[in-house]
Each structure stands twice: as structure tokens, then as C-alpha cells.
Amino acid sequence: QVELVESGGGLVQAGGSLRLSCAGSGRTFNMYAMAWFRQAPGKERSFVAAISWSGGNTYYADSVKGRFSISRDSANNATYLQMNSLKPEDTAVYFCAAQRGLVLRPPIDRRLFRSWGQGTQVTVSS
């Protein structure tokens, strides 16, 4: 497994932007499929975006398509989530997840990922 640490969360007004970062450990980071999930109070953790180990394929939840963008820098063991046009309903704790060798196919279930970060809070005010 790989250790993950998220950063970049915060408070932003509706329509604003944030960029989340996920720093991973280990020399085989480029063999891991990466994803972002989020969990709002009283709700289950839900899929946001994912990127294949090669970086060639990306997947998004319908609710964030066209607004969020996932990317990775495997040389630096990092994954990013650029969030634009934020809405109050995007408010949640955002988690980075990783799974070695996973071939991503929608729907992308959180149970496919064994490595998780501690989460970073994103709050969007109206």
C-alpha cells in the first residue's frame, strides 16, 4: 500500500476555485490508479474523479463533469484535483485514494481502493 496525504482544502465562495493535492509515498506510485472521493455530512462517500496509472484515462462523476479536472505527476508522486465553478453542494471532505494495478472501469466503487488519505475539508459558501 501507499501512504497518501491530501492538502489544499479550504473555504471558498460559490463560483470560486480550489486545487487539491495528494502526495503519495513509495517508488511504485506510477503503478497506482488514483481517485478522489468526497463525503458530505450524513452522506456516504461518493466518487468524484479518477485517473489511470498511465494518466491516459480520466473519469468523472456527472455532477462535476466540465468543472473538475484530475491530473497526476507520477515523477513527483502527486495527484491533483482542480475544482472550478464550485457550488455549495460541493461542500464535503475530499479523500484521495489509490490502488495498485487497478484497471478503471465505470462505475468506480470506493471498495476497489485500499489506500486512503485522511481527507481535506472543502467548504463552499453561497
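Quick note: residue numbers are just sequence positions, from 1. For the numbers below, each heavy atom of this structure counts, side chains included, while hydrogens, waters and symmetry mates do not.
Note: the hydrophobic cluster containing Leu81 also contains Leu86 (ILVMFWY, side chain heavy atoms under 4.5 Å, direct or indirect links). Cluster annotation: Leu20 is connected to Ile70 through the hydrophobic network of ILVMFWY side chains, with a link wherever side-chain heavy atoms come within less than 4.5 Å.
Side-chain atoms of Gln82 and Ser17, non-hydrogen and from C-beta on, do get closer than 4.5 Å to each other. A 4.5 Å side-chain heavy-atom check between Met83 and Asp90 finds every atom pair outside the cut-off. Here the side chains of Cys96 and Met34 are in contact, with some heavy-atom distance below 4.5 Å.
Proximity of a side-chain donor or acceptor of Asp109 to a complementary backbone N or O of Arg111 within less than 3.5 Å is detected. Remark: side-chain polar atoms of Ser115 are paired, donor with acceptor, to backbone N or O of Val2 under 3.5 angstrom. Remark: side-chain polar atoms of Gln99 are paired, donor with acceptor, to backbone N or O of Arg114 under 3.5 angstrom. The backbone N or O of Asp73 sits nowhere less than 3.5 Å from a side-chain atom of Asn76 that would complete a donor-acceptor pair. Put simply, the side chain of Gln13 never gets that close to the backbone of Ser125: no donor and acceptor are under 3.5 Å apart.
The two atoms that bring Tyr60 and Ala49 nearest to each other are CD2-CB, 3.6 Å, heavy atoms only. A pairwise comparison of heavy atoms in Thr120 and Gly9 identifies OG1-N, 3.2 Å as the closest pair. Across every non-hydrogen atom of Ala92 and Ala40, the tightest pair is CB-N, 3.8 Å. Of all non-hydrogen atoms in Pro88 and Ala14, the two that sit nearest each other are CD-CB, 4.1 Å.
Electrostatic pairing of Asp62 and Lys65 counts as a salt bridge here, judged by a charged N lying under 4.0 Å from a carboxylate O.
By the 6.0 Å contact criterion, CD on Glu3 is open, its count of non-hydrogen atoms from other residues, nucleotides or ligands being 12 or less. More than 12 heavy atoms of other shown residues, nucleotides or ligands fall within 6.0 angstrom of atom CD in Gln118.
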Quick one, Tyr94 with Arg38, criterion side chain to side chain donor-acceptor pair (under 3.5 Å). Give me CA distance, side-chain angles, the key distance, then yes/no. CA-CA 4 Å; Tyr94 283 70; Arg38 66 187 181 186; 2.9 Å; yes

List the steps and the verdict of side-chain contact (heavy atoms from CB on, under 4.5 Å) for Trp36 and Cys22. CA-CA 9 Å; Trp36 289 92; Cys22 174; 3.6 Å; yes

I would like to know whether Gln121 and Thr123 meet side chain to side chain donor-acceptor pair (under 3.5 Å); could you show each step before the answer? CA-CA 6 Å; Gln121 176 70 47; Thr123 303; 3.3 Å; yes

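Taken to the nearest 0.5 Å, the OH atom of Tyr32 stands 15.5 Å off from the OG atom of Ser52.
Judged by the 6.0 Å and 45° rule, Arg72 forms no cation-pi pair with Tyr80.
Hydrophobic clustering, defined by side-chain heavy atoms of Ile, Leu, Val, Met, Phe, Trp and Tyr closer than 4.5 Å, groups Phe37 together with Phe47, Tyr59, Val93, Phe95, Leu102, Leu104, Ile108, Leu112, Phe113, Trp116.
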